[in-house]
Every structure is written in C-alpha cells, then in structure tokens.
There are 2 protein chains.
Amino acid sequence: MVTVPAIDRSSTTDRVAEALRAMLFTGELSPGEPLREVSLADAFQVARSTVREALQVLAGDGLVTRYPHRGVVVTELTGDDIAEIFGARLVLESAGVRAGSEGADLAPVAEALATYAAATAGSDQAEITHAHLEFHTSLVSLLGNARLVANADTLTGDLRLALASVERRRANARQQVADHRRLLRLMKTGDTDGALSELDRHLTAARASVHEQVRERDAVSPGS
Amino acid sequence: MVTVPAIDRSSTTDRVAEALRAMLFTGELSPGEPLREVSLADAFQVARSTVREALQVLAGDGLVTRYPHRGVVVTELTGDDIAEIFGARLVLESAGVRAGSEGADLAPVAEALATYAAATAGSDQAEITHAHLEFHTSLVSLLGNARLVANADTLTGDLRLALASVERRRANARQQVADHRRLLRLMKTGDTDGALSELDRHLTAARASVHEQVRERDAVSPGS
DNA sequence: TTTCGTCGGATTGTCGGACAACCTGAGTGT
DNA sequence: ACACTCAGGTTGTCCGACAATCCGACGAAA
C-alpha cells in the first residue's frame with residue numbers, strides 16, 4: 001500500500017458549512033446577525049438548497065438558530081446559556097480528570113498544554129482560543145469516549161460564539177497557562193481531589209470572565 | 001393573556017423526520033436498511049429536497065448514517081458503539097445522581113419510576129423501553145442543564161436503534177423495576193456512593209445484556 | 001395619540017425537474 | 001483469475017417557481 005495525497009471528497013455543502021463555521025469563530029459573523037439564504041448562495045456561488053443544507057448542519061450544532069419563516073441568525077447566547085455550557089463542561093471535564101487519575105495516559109494533555117503555551121506567544125487570538133479549548137477537550141479525551149468528546153466539542157464550539165465577539169485580554173494569557181499547568185501537575189501527582197477543585201475553580205473563574213465580557217458588550221449594543 | 005389551543009407550526013421537514021424517527025424506534029426500519037430519497041419522497045408524498053433535509057436532521061442525531069454518493073442507511077451500532085454509549089451514560093447519569101444527593105428535588109425521578117412501573121404492566125414494548133429510558137434521563141435532569149439532557153437524549157435515542165431490533169425479555173421487567181427502585185431509595189437516603197455503585201452495576205449489566213442480544217441477532221443475520 | 005386594518009416587499013418553505021458525478025454489479029474479454 | 005467496460009440506479013447540486021409567512025409602512029378609525 002503506497003501513501004497517496006489525500007483527495008478532497010467533501011461535498012459542497014460541507015465546504016460551505018465549514019466556511020461559515022470559520023467565519024463564526026473568527027467573529028466575522030456576529031451573534032444575532034441574520035444569514036439570508038439568497039445572499040449566501042450568491043456570495044458562495046452555490047444554489048440556495050446547498051446553503052440551506054449547510055445552515056441546517058450548523059443549526060444542529062447550535063451555532064445558528066432557525067426562526068421558522070423568519071430565517072437563520074447567528075446564535076445569541078444568553079447568560080443562562082453560558083452558565084449551562086460551563087456547567088456541562090465541568091461535568092465532562094471532571095470525568096476526564098478522574099479518568100486521568102485512574103491511569104489514563106496524560107501525554108496528550110501535556111501536549112495540548114504545550115501547544116497552548118506556544119500559541120500564547122503569538123498574536124492570533126482565534127488560534128490562542130482554539131488551543132486553549134483544545135486543552136480542555138484533551139481532558140475529556142482521557143475517557144476514551146468519542147461521543148463525549150464530540151459533545152464537548154459542540155459545547156466549546158458554542159462557547160466560541162461568545163468568545164469571538166469579545167476581545168480577550170492578552171494579559172490573562174500567562175495567568176491562564178499557569179492555571180492549566182497547575183491542573184496538570186495535580187493530575188500527574190495523583191491528587192485527584194485537588195485537580196477536581198482546581199478545575200472547578202478555573203471554570204468558575206472563566207465563566208465569570210465570559211459573563212462579564214458579555215455584559216459589557218450588551219451594555220454597548222443590547223441584544224435580545 | 002388567554003390560553004389558546006396549540007397550533008401546529010411544524011414544518012413538513014420536521015414531520016417527516018418525526019415519522020422516520022418513530023419508524024426507527026419501533027423497529028419498522030432496521031439497522032443497515034437503506035433509505036432511498038426518492039422512495040421516501042414518493043411514500044410521504046413530499047419533494048426529495050424535503051426528505052433530504054429530514055434525513056440530515058436524523059443524521060445529526062446519529063440515527064442514520066450518510067455514505068457519500070451511496071445514500072443513507074439506518075445506523076448500525078457496533079459493539080464498540082454500544083460500549084461507548086453506556087460509558088457516556090454512566091458519566092452523565094452519575095453526575096445526575098451526585099446532583100440528586102446534593103439537594104436536587106427527586107420528585108421527577110420518582111414520577112418517572114412510577115410511569116415506568118406502570119408501563120411494565122402493559123405489553124407495548126416500545127412504550128416500556130421509552131419509559132425506562134425516560135427514568136434514566138430524569139437522573140440527568142437533576143443537573144438542571146438542558147444541554148446535558150439533550151446529550152443524554154441523543155445517546156438513549158441511538159441506543160433505541162439497537163433495542164428496537166431485539167426482543168427484550170418481559171421476564172426482566174420486574175427485576176429491572178426493582179433495580180431502579182433500589183437506586184432511587186439509595187439516593188433518597190443520601191447514600192451517594194451506594195447509589196453511584198448501584199448505577200454502575202445496573203448500567204454494566206444492561207450493557208452486557210444489549211451486547212449479548214446484539215451478538216445473537218448478528219449470529220442470525222450477520223451485519224458489517 | 002393610539003389602535004387597527006391593509007397592503008407590498010422580502011424571505012422562507014416546498015415543490016418539480018434537470019443533469020453531471022458517482023457507485024455498483026454484470027458482463028466481456030484476456 | 002484479472003482487468004476493462006458498460007448500463008442502471010442513486011446521490012449531489014443546480015435552477016426556477018410559487019404559496020405561505022413575516023414585517024414594516026401607511027393610512028383610517030376610535
């Protein structure tokens with residue numbers, strides 16, 4: 001068996017969905033912004049039905065919301081939504097931490113942390129956010145359960161909608177990385193309870209931070 | 001504000017998806033069975049594009065699987081899939097049990113158990129399965145997190161694909177209900193660890209049962 | 001001034017038809 | 001046994017169409 005260059009077998013629908021997803025994560029599309037089928041079809045040079053399918057994929061992930069007969073808009077997360085996302089993440093990532101303390105290989109987590117630390121040296125905010133969330137996903141990966149990882153991915157994906165629209169302070173980056181290092185160290189030393197409470201603390205702080213930033217944004221341009 | 005009778009505002013796509021979902025859960029459609037777009041469009045008397053959208057919804061839930069350029073088939077769960085589903089359920093439902101032992105109101109769980117017990121008196125297998133899974137979902141509901149409940153719902157939905165194709169032994173029903181009663185009692189008495197290990201035991205046994213039944217089925221008509 | 005119809009434009013939801021690309025299996029030849 | 005070709009069925013994507021629905025504006029009526 002020879003190795004061959006991968007051939008792109010993605011459908012047009014997939015590519016449109018992916019392009020939209022990228023635009024959502026970079027903040028090129030803001031929460032609440034309407035996504036008109038004909039405009040998108042025109043912009044992407046594809047048929048309206050193709051756009052509709054792509055939008056339905058994104059709607060399935062909760063990134064966009066369909067309002068019957070009124071169209072699709074970029075999902076606007078309420079404060080309750082954000083609280084729910086962090087609550088769900090705590091459940092999944094805590095389970096991951098427990099799995100890690102029960103013998104799962106921590107190397108992928110360490111690797112994700114290194115990537116994250118490296119990313120903070122750069123200035124690409126979307127890249128930093130991605131690497132950060134990747135670390136948290138790596139915790140869930142410790143469970144070796146693809147379905148839970150997928151759930152965690154959609155959760156962090158939804159969260160990125162809120163993160164993209166606010167400027168994360170670079171100053172926090174160093175502090176953040178230190179937080180994660182501490183968490184990993186606790187896991188390595190087998191201090192499960194310590195790691196769990198550190199994770200709880202970290203997520204609670206992050207939630208507060210996102211909450212605050214969303215409130216600030218809404219104060220300027222009030223949403224729903 | 002007066003109360004008005006609810007008006008059906010569902011789209012054709014939704015209704016087709018719902019009809020297909022019901023057929024999947026009752027076993028009218030079996031795992032591996034191909035779902036041809038034109039046949040379905042003809043059968044439901046709707047356009048092909050409508051069927052495509054409905055199928056994409058179901059694919060998003062993992063109930064059907066798209067094979068590019070080859071069509072959609074009812075998802076066939078492998079042994080690994082089943083193990084994953086039960087593993088994920090253990091994570092979510094354990095978290096629910098913990099929430100229950102920390103003061104969450106157990107009334108909905110008790111209610112779900114009563115409904116389940118009542119259903120076992122009847123002979124509608126799909127109804128019994130539904131009530132059973134509803135009980136487990138009620139555990140996750142204790143977390144008060146709609147996103148996690150949704151995740152649990154898709155997990156149990158996927159599981160129903162496997163359950164629908166095998167005849168569950170009625171004999172087990174009584175034993176099953178007793179299991180759940182014991183679990184609820186442990187939660188009520190505040191014995192969190194006992195409840196958690198009871199849940200683990202129950203899910204492990206259930207997984208073994210499903211595994212065995214799937215193996216039996218595959219021995220008759222081998223799948224992939 | 002506020003409330004209530006109504007009207008027109010814009011958009012979605014659904015339909016039908018069309019066609020190229022693709023997959024599969026059967027047949028054919030080597 | 002293997003490689004090739006061909007035909008039929010199916011999906012992926014496009015286009016055009018039209019009813020249903022929503023929304024804002026405008027004007028009439030209370």
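Order of the sequence lines fixes the chain letters, A, B, ..., with proteins taken first and strands second; residue numbering starts at 1 for each chain. In this text the structure is predicted, and so the values were computed from the model without any measurement. In what follows, every heavy atom counts, from backbone to side chain, and hydrogens, waters and symmetry copies are set aside.
Listed by chain and residue number, B:His180 satisfy the ring-ring contact (aromatic ring centres under 6.0 Å, His included) test with B:Phe135 (two or more places apart in sequence, or in another chain). A search for side chain to side chain donor-acceptor pair (under 3.5 Å) contacts involving A:Glu53 returns A:Thr13, B:Arg52, not counting sequence neighbours. B:Ser141 pairs by the side chain to side chain contact (heavy atoms under 4.5 Å, CB included) definition with B:Thr137, B:Val149, not counting sequence neighbours. With sequence neighbours excluded, no residue satisfies side chain to side chain contact (heavy atoms under 4.5 Å, CB included) with B:Pro68. By the salt bridge (Lys or Arg N to Asp or Glu O under 4.0 Å) test, B:Glu111 is found to be paired with no residue, residues two or more places apart in sequence or in another chain being considered. Partners of B:Arg36 by salt bridge (Lys or Arg N to Asp or Glu O under 4.0 Å), not counting sequence neighbours: none found. Residues satisfying the salt bridge (Lys or Arg N to Asp or Glu O under 4.0 Å) test with B:Arg147, not counting sequence neighbours, are A:Asp81, A:Glu84, A:Asp158.
The separation between A:Glu53 atom CD and C:dG13 atom C1' is 14 Å, rounded to whole Å. Between the CG atom of B:Asp14 and the C1' atom of C:dT14 there is a distance of 13 Å, rounded to whole Å. To the nearest angstrom, C1' of C:dG17 lies 15 Å from CD of B:Glu37.
Between A:Val72 and A:Pro34, every side-chain heavy-atom pair lies at or beyond the 4.5 Å cut-off.
Map A:Arg9 and B:Val51 each onto its nearest nucleotide of DNA chain C; the residue landing nearer the 5' end is B:Val51.
Residue contacts for A:Arg52: at a heavy-atom cut-off of 4.0 Å it reaches a base atom on one of the strands shown.
Among A:His130, A:His136, A:Glu134, the single residue meeting the side-chain hydrogen bond (donor to acceptor under 3.5 Å, both in side chains) criterion with A:His132 is A:His136.
The side-chain hydrogen bond (donor to acceptor under 3.5 Å, both in side chains) analysis of residues 23-32 of chain A, with sequence neighbours excluded, yields no pairs. Sorted pairs that involve residues 69-93 of chain A and meet ring pair (Phe, Tyr, Trp, His ring centres under 6.0 Å), not counting sequence neighbours, are lacking altogether.
Taking side-chain N and O atoms only, B:Arg70 has no distance below 4.0 Å to OP1 or OP2 of C:dC22. In this structure, B:Arg15 does not reach the C:dT14 phosphate: none of its side-chain N or O atoms is under 4.0 Å from OP1 or OP2.
Rounded to 10°, the helix from C:dT1-D:dA30 to C:dT30-D:dA1 has 20° between the axis fitted to its first five pairs and the one fitted to its last five.
Along DNA chain D, the stretch of nucleotides lying under 4.0 Å from any heavy atom of chain A spans, 5' to 3', D:dT13 to D:dC23.
Contact check of residues 38-50 of chain B against DNA chain D (heavy atom, cut-off under 4.0 Å) returns B:Arg48.
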